[in-house]
Amino acid sequence: EWINFTIFINKIIDRFEMTKTQHISFKRNIPKDELYVEIDTDKITQVLDNIISNALKYSPEGGKVTFTIDVLAAEIQIRVKDEGVGIPQDSLNKIFDRFYRVDKARTRQLGGTGLGLAIAKEMVYAHGGDIWAQSKEGQGTTVYFTLPYDPNQEDEWE
Ligand code: ATP
Ligand code: MG
């Protein structure tokens, strides 16, 4: 399905902004332009739902979550940055493995199965994109993913 990605992601962020129970502020660096991409909206909704719920789940009160979209040569890059607990360097690529959770004791009380990012990875890969994370323990985490995008595509809509 062809959709304007900026409208799509803004609606998802709105939903989290209306239902969140913590004092966490949201900041959006999302272009105003139309960004048409062909995606399975249910699947990419699941990807964003997990990344955003992680950002909230692993953040203390008073933190900020920043959403950024950059348009690159042949893809759009979506980033979700939080100011939460962070992830140790040696766990950074394992968080995309099934059932992997960084700190069993810490995360048990927060709930979850450790499947969210494994499913997100599968879905992003099925779209021809990539997904990865950067983090500093005690400072926060940024999760990145990309989706193929044709910048010349827009002209054909005129
Ligand atoms: P589920 O998503 O299945 O409910 P989960 O959130 O534990 O459970 P994933 O979303 O796959 O599982 O994340 C795997 C692990 O990576 C988490 O348990 C957590 O330890 C770590 N993690 C993921 N996102 C963040 C984040 N934004 N900040 C800190 N740690 C994170
Ligand atoms: Mg999760």
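Counting starts at 1 for both ligands and their atoms, following the listed order. Quick caveat, the model's predicted, so the values are computed rather than measured. Quick note: residue numbers are just sequence positions, from 1.
Distance alone, capped at 3.5 Å, places no donor-acceptor pair between the Gln134 side chain and the Thr142 backbone. Listed for the Asp70 side chain is no donor-acceptor partner under 3.5 Å among the backbone atoms of Gln77. In this structure, Thr146 contributes its side chain and Asp130 its backbone to a donor-acceptor pair below 3.5 Å.
Ligand 1 has no nitrogen or oxygen under 3.5 angstrom from a nitrogen or oxygen of Ala118. Residue Gly116 has at least one nitrogen or oxygen atom sitting less than 3.5 Å from a nitrogen or oxygen atom of ligand 1, judged on distance alone. By the 3.5 Å distance cut-off applied to N or O atoms, Val85 is not counted among the residues near ligand 1.
If you look at Phe96 next to ligand 1, there are no close heavy atoms at all, none under 4.0 Å. Residue-level proximity to ligand 1 for Asp82 is carried by the side chain, the only part with a heavy atom below 4.0 angstrom.
Scanning Val65, Asn50, Val102 for the heavy atom closest to atom 21 (C) of ligand 1 points to Val102. With distances taken over non-hydrogen atoms, the option nearest atom 11 (O) of ligand 1 out of Ile87, Leu117, Asn54 is Leu117.
Atoms of ligand 1 lying under 4.0 Å from at least one heavy atom of Gly86, given by number and element, are 29 (C). Under a 4.0 Å criterion applied to the non-hydrogen atoms of Tyr100, ligand 1 contributes the atoms 14 (C), 15 (C). Those atoms of ligand 1 that come under 4.0 Å of a heavy atom in Lys57, given as number and element, are 4 (O), 5 (P), 6 (O), 8 (O).
Between Glu38 and His127 the shortest heavy-atom distance is O-CD2, 4.3 Å. Smallest separation of non-hydrogen atoms from Thr113 and Arg101: C-CD, 4.0 Å. Across all their heavy atoms, Pro31 and Thr6 have their closest contact at O-CG2, 3.4 Å. Between Glu137 and Ile87, the closest heavy-atom pair is CG-C, 3.8 Å. The minimum heavy-atom distance between Glu83 and Lys64, with the atom names listed, is OE1-N, 3.2 Å.
For the atom pair Ile44 CD1 and Leu147 CG, the distance stands at 5.0 Å (nearest 0.5 Å).
Aromatic ring orientation, Phe67 versus Phe26: perpendicular (interplanar angle above 60°, classes split at 30° and 60°).
The pair Asp14-Arg28 meets the salt-bridge criterion, with a side-chain N (NZ, NE, NH1 or NH2) lying under 4.0 Å from an Asp/Glu carboxylate O.
Here the Mg ion (ligand 2) has protein N, O or S atoms under 2.8 Å from it, and they come to 2.
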